[in-house]
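Take a look at the structure below.
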2 protein chains.
Amino acid sequence: MGTGTRREPLNRERVLAAAVDLADSEGLRAVTMRRLAATLGVEAMSLYHHLPGKNALLDGLVENVVAEVGTAVAKIEGAGSPEQWQTILRSRFLAAREVMLRHPWAPALIGSRGSIPSGVYDYYETILATLIRAGFTYHLAHRALHAFGSMPLGFVQELFSPAPSGVQAASDEAMAELAQLAEELPHLIAMVSSEIHDADGDTLGWCDSQAEFEFTLDLLLDGLARHHD
Amino acid sequence: MGTGTRREPLNRERVLAAAVDLADSEGLRAVTMRRLAATLGVEAMSLYHHLPGKNALLDGLVENVVAEVGTAVAKIEGAGSPEQWQTILRSRFLAAREVMLRHPWAPALIGSRGSIPSGVYDYYETILATLIRAGFTYHLAHRALHAFGSMPLGFVQELFSPAPSGVQAASDEAMAELAQLAEELPHLIAMVSSEIHDADGDTLGWCDSQAEFEFTLDLLLDGLARHHD
DNA sequence: ACCTGAACACCGTTCAAGT
DNA sequence: ACCTGAACACCGTTCAAGT
């Protein structure tokens with residue numbers, strides 16, 4: 001009687017999936033052993049049968065997101081010629097970014113954990129293979145990986161957009177703060193009003209984080225191409 | 001009798017200074033209302049007379065570090081001609097980086113807080129002034145600010161160096177992990193061994209984060225120069 | 001004005017106990 | 001094998017009370 005699935009014993013995957021859902025809907029701060037257990041209709045202590053502790057839970061979250069990036073990126077698979085390394089990497093990084101936009105809590109979490117899940121190494125291996133195949137020296141390829149920073153995973157650590165989502169809210173706050181300091185910040189004010197004026201219609205999104213991401217990415221790719229050729 | 005200073009009443013500055021010291025020596029996780037109060041020879045609840053709460057304390061920490069960056073960067077003051085914008089920005093960002101290296105906990109904290117202290121706006125105003133003076137359009141200058149990301153504050157969000165310090169420790173761990181996955185990661189292994197071979201003597205620091213920082217910085221500066229000229 | 005003690009509502013986690 | 005209840009050591013924070 002009943003669905004049956006509700007009585008099925010918990011396992012690591014179901015716990016992690018619930019944790020991802022909880023983080024997506026209520027933020028990472030809501031992901032607490034007790035809260036998470038509650039969403040699974042279970043006591044907090046039951047979770048310890050499937051995960052050693054909170055740290056393992058957070059590592060599992062990172063691992064899950066990285067895996068999601070991995071499958072999204074695998075579809076790109078550089079079918080092109082070696083010379084197309086720029087477009088291959090570009091579309092891979094943009095695919096990764098789409099995953100991150102679905103999990104706004106992930107960048108901060110990934111950055112804050114000490115360990116690096118093995119899926120990241122696999123992913124970096126394919127990036128590196130693309131570069132080497134295109135004729136990069138290992139030295140320049142190494143530099144390139146560092147220069148890309150977190151772009152392979154689809155996010156940038158930017159001061160003015162801590163949360164990849166909520167662009168307009170951040171913009172509103174920023175605008176209000178800026179207005180108060182207008183006299184002392186003439187260039188900033190001029191830039192904001194100039195950019196708003198240019199963005200006809202779409203007033204709210206004067207910081208188009210997607211456009212900024214692509215601009216920075218191309219800046220890096222073009223710069224590397226110049227070092228390479 | 002005695003020093004007298006010990007009996008002097010607490011104030012916001014002394015609390016924040018103690019918090020910075022505690023974070024520097026034991027990490028941000030050790031900065032707890034109770035622990036912090038203990039280092040000041042006082043009960044936790046006393047802190048609430050000088051700061052509204054934990055959030056205000058963390059905001060104060062960010063504010064302090066940003067102020068430190070501000071004074072470090074003010075010494076650079078672009079005394080050169082407008083055309084020297086690259087070298088001006090370069091030395092400013094490197095000065096900021098030195099501050100961050102003294103406070104390894106700061107990048108993560110700055111990135112995680114929602115608000116942006118006003119000192120950051122002042123600083124960005126001077127960067128913007130330098131770019132505009134050199135003939136940048138507001139649009140390109142805006143793009144540049146986003147592209148720089150967190151470099152004006154002296155740090156990058158990089159996957160392979162979450163903590164700006166502890167380079168060799170991270171390297172050791174990474175090496176151990178890499179060794180286990182050697183067969184599946186031929187390019188990564190080849191890159192690491194190639195780079196270690198090139199770094200004569202200084203085996204541990206095969207990832208020279210200072211060099212990587214400067215390489216990425218120059219990549220961005222050169223790329224912007226090409227867009228500008 | 002500045003500091004304190006006890007208390008409250010939350011954490012993660014251990015351990016012995018249930019079925 | 002899987003889940004639970006009570007307990008412990010920590011949090012941040014409120015409030016009434018001390019001087």
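Naming convention: chains lettered A, B, ... in sequence-line order (proteins, then strands); numbering from 1 in each chain.
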Rounded distance (Å) that lies between atom C1' of D:dG12 and atom OH of B:Tyr48: 5 Å
Interatomic distance, B:Leu51 CG vs D:dG12 C1' [rounded to whole Å]: 14 Å
A:Leu16: which of A:Arg14, A:Glu13, A:Arg12 passes side chain to side chain contact (heavy atoms under 4.5 Å, CB included): A:Arg12
Could you please spell out the steps behind the salt bridge (Lys or Arg N to Asp or Glu O under 4.0 Å) verdict for B:Asp24 and B:Arg102? CA-CA 8 Å; B:Asp24 285 345; B:Arg102 285 202 296 274; over 6 Å; no
Do you know which two heavy atoms are closest between A:Arg92 and A:Ile127, and how far apart they sit? NH1-CA, 4.1 Å
In short, B:Val65 meets B:Ala106 closest at the heavy-atom pair CG1-CB, 4.0 Å
Going through the distances and angles, do A:Arg34 and A:Glu43 end up as a salt bridge (Lys or Arg N to Asp or Glu O under 4.0 Å)? CA-CA 7 Å; A:Arg34 286 168 154 95; A:Glu43 295 299 314; over 6 Å; no
d(B:Thr130 OG1, B:Glu125 CD) to nearest 0.5 Å is 9.5 Å
Polar pairs (N or O, both sides) under 3.5 Å between protein and nucleotides 1-3 of chain C?
from: C:dC3; atom 1: OP2; to: B:His50; atom 2: NE2; distance (Å): 3.4
from: C:dC3; atom 1: N4; to: B:His49; atom 2: NE2; distance (Å): 2.9

Does D:dC15 pair with anything, Watson-Crick or G-U wobble, both distances under 3.5 Å, and if so, with which nucleotide? C:dG5
Going by number, which of residues 22-36 of chain A have a non-hydrogen atom under 4.0 Å from DNA chain C? A:Thr32, A:Met33, A:Arg34, A:Arg35
Roughly how many Å is it from CG in A:Leu40 to P in D:dT4, rounded to a whole number? 11 Å
When you measure from the centre of the six-membered ring of B:Phe213, is the NZ or CZ of B:Arg97 closer than 6.0 Å and no more than 45° off the axis? yes
Write down the atom of B:Pro152, the atom of B:Ala96, and the distance for their closest heavy-atom approach. O-CB, 3.2 Å
